[in-house]
There are 2 protein chains.
Amino acid sequence: MISSIAELISDRIGAMPAGERRAAQTLIANYPLIGLKTVAEFSTAAGVSSPTILRFVARLGFQNYPEFQSALQDELAAQLQSPATRTLNPASSGGGAVSPMLEATLDNMRETFRHLSERQLADIAATLANRRGKTFLIGGRFTDPLARYMAAHLAIVQPDVHHLAGQEGIWRDRLIDMGKRDVLVIFDIRRYQDSLVRFAETAHQRGVHIVLFTDQWLSPIARFARHVIAGRTAVPSAWDSSAALFVVAETLIGAVTRQLETDGAKRIRELESLR
Amino acid sequence: MISSIAELISDRIGAMPAGERRAAQTLIANYPLIGLKTVAEFSTAAGVSSPTILRFVARLGFQNYPEFQSALQDELAAQLQSPATRTLNPASSGGGAVSPMLEATLDNMRETFRHLSERQLADIAATLANRRGKTFLIGGRFTDPLARYMAAHLAIVQPDVHHLAGQEGIWRDRLIDMGKRDVLVIFDIRRYQDSLVRFAETAHQRGVHIVLFTDQWLSPIARFARHVIAGRTAVPSAWDSSAALFVVAETLIGAVTRQLETDGAKRIRELESLR
DNA sequence: GGAGCGCTGTATCGTATGTTACGTATTTTG
DNA sequence: CAAAATACGTAACATACGATACAGCGCTCC
């Protein structure tokens, strides 16, 4: 059963020509407000012509544009009157595999943050924002993208941020650059990688400050780490989810940026002017 | 300070003549939808004449009726886009900068999936699971790690998955390998990168099936994309959040894996034995 | 390679909508 | 109580909006 226009659209979007699909996509992206504006505004927002918009609403089964707008307004009215339905059933029909996946991910995040005090996060952020040493980031097979993501942001607000990539031999050699004032951020979830464990151990012996992102079962690297972030990873899927760790990483990125605000802002402006 | 039109009205309703007051009351009662309808509808609903409605909006300080409607729409847009402000619960320990960040992220995910039907996701998963062609993934400055993350997983359950890395020239040359049966997954959020747009355009001209991960303002690449995933990115931070897109990516990875279950499982076993 | 079909944009048209002028009703004030 | 001012609605007007006809273009299928 189709209750909302959004569902109606996603139901038929597959059978639409390119232009009308663009209209559908921009409507979904700015749902439903763009549909309450005039045809001209809608069309320019979608990058198509007005007739395409009209053909689009005609394909949805509406006689004319005003009728379509009335439907949107009625829907909005219902939504505004009962805010409960907003947070309720995000994926409507339920049955499929989407909703449980999303629900599990949201739960993971809440759980992850529940076990993570603000104090901890602030400490880690302060460590990362410490400008006296260098920052290195590295990840495992599936988590290396998280290390890259964090490195890409941190490198903008402060100097001396390095992502360790490539073959094991390459980053092992970088150990020579690491000392007591440096920070090493490691991402490692099951199945834990021996190469990373060995790497962490040597770094630890050199006095490097290790920040570990891992799962709730804790990578063996936790023994060497000064800070451990244990994220929930279980989802109804063949794979583990790194989403919770991703959000923690983003939170830390934000916190570090805020701490370095003055210096960071200057750097950002400088970088902007370099482009 | 007056932030909403509703406040503005209740502020001046005392100084209004009877007819305009009726207009004000019916607008408050059906706020704000009646104000988005035509003057005629508004007037009959309020039991007054059209000019009274116009005088009413003029008294509120608007030059004309459309301007008044635009203001209402902007207000609505702000309300819809940040459900956080609606459900604001002071109970959440407040203070630190962690909680709002998490809350915003969770909202972003719910909103993102609310605009994403199972049908769409299933379509995209089917596209990605289609074994007849190759799969290419690429991302922008901050989103490339997402492309890597997805590529790392997809490459395990099926052959011919390539992440496009390095300098622009390098992946431009890979265009020669792309054809009608191939899929190109692009991650592009603000600020959109010209190089990616150009790349997408040429790929589109070659008939490549493009799947776009972008933010709610839609990268210009949306024009060339067969499938568009618009994720919410706004968080109380100096940076945009890619977390919602990350979760969508994980969901798709799971869905593709499920579709390729039989073949995929065989591949996974083979890969395990290779380690 | 050619013919047919479907999609899309340009230009034009009719109309519904917001706007304004004006006359009447109602209230207010001296 | 009278006179003026304010408020309100009717009706005519102009604009801008949605609708439509048509031509160009690309794509698919013989």
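Within every chain, numbering begins at 1; the chains are lettered A, B, ... in the order of the sequence lines, protein sequences first and strands thereafter.
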So, B:Asp194 and B:Arg198, do they make that salt bridge, N to O below 4.0 Å? no
Protein-to-nucleotide contact annotation, 5' to 3' order, nucleotides 17-27 of chain C [B base; S sugar-phosphate only; - none; under 4.0 Å, heavy atom]: SSBB-------
Ignoring hydrogens and angles, state whether a donor on the side chain of B:Ser219 or B:Asp188 is under 3.5 Å from an acceptor on the partner side chain. yes
Check: B:Asp182 side chain, B:Lys134 main-chain N or O, donor-acceptor pair, under 3.5 Å: yes
Quick check: does any side chain N or O of B:Gln120 sit under 3.5 Å from a backbone N or O of B:His227, one acting as donor and the other as acceptor? no
Give the first and the last nucleotide of DNA chain D, reading 5' to 3', that has any atom under 4.0 Å from a heavy atom of chain A. D:dC17 to D:dT20
Ring pair (Phe, Tyr, Trp, His ring centres under 6.0 Å): pairs with one or both residues in residues 149-185 of chain B, sequence neighbours excluded: A:Phe142-B:His153, A:Trp239-B:His153, B:Phe136-B:His162, B:Tyr149-B:His153, B:Tyr149-B:Phe246, B:Trp171-B:Phe199
Rounded to the nearest 0.5 Å, what separates atom CG in B:Leu27 from atom CG in B:Leu72? 6.5 Å
Taking the side chain as everything from C-beta on, heavy atoms only, tell me whether A:Ile5 gets closer than 4.5 Å to A:Phe62. yes
Near B:Ile170 CD1, under 6.0 Å, is it more than 12 heavy atoms from other residues, nucleotides or ligands? yes
Nearest-nucleotide check on DNA chain D, B:Val48 vs B:Lys180; residue mapping nearer the 5' end is B:Val48
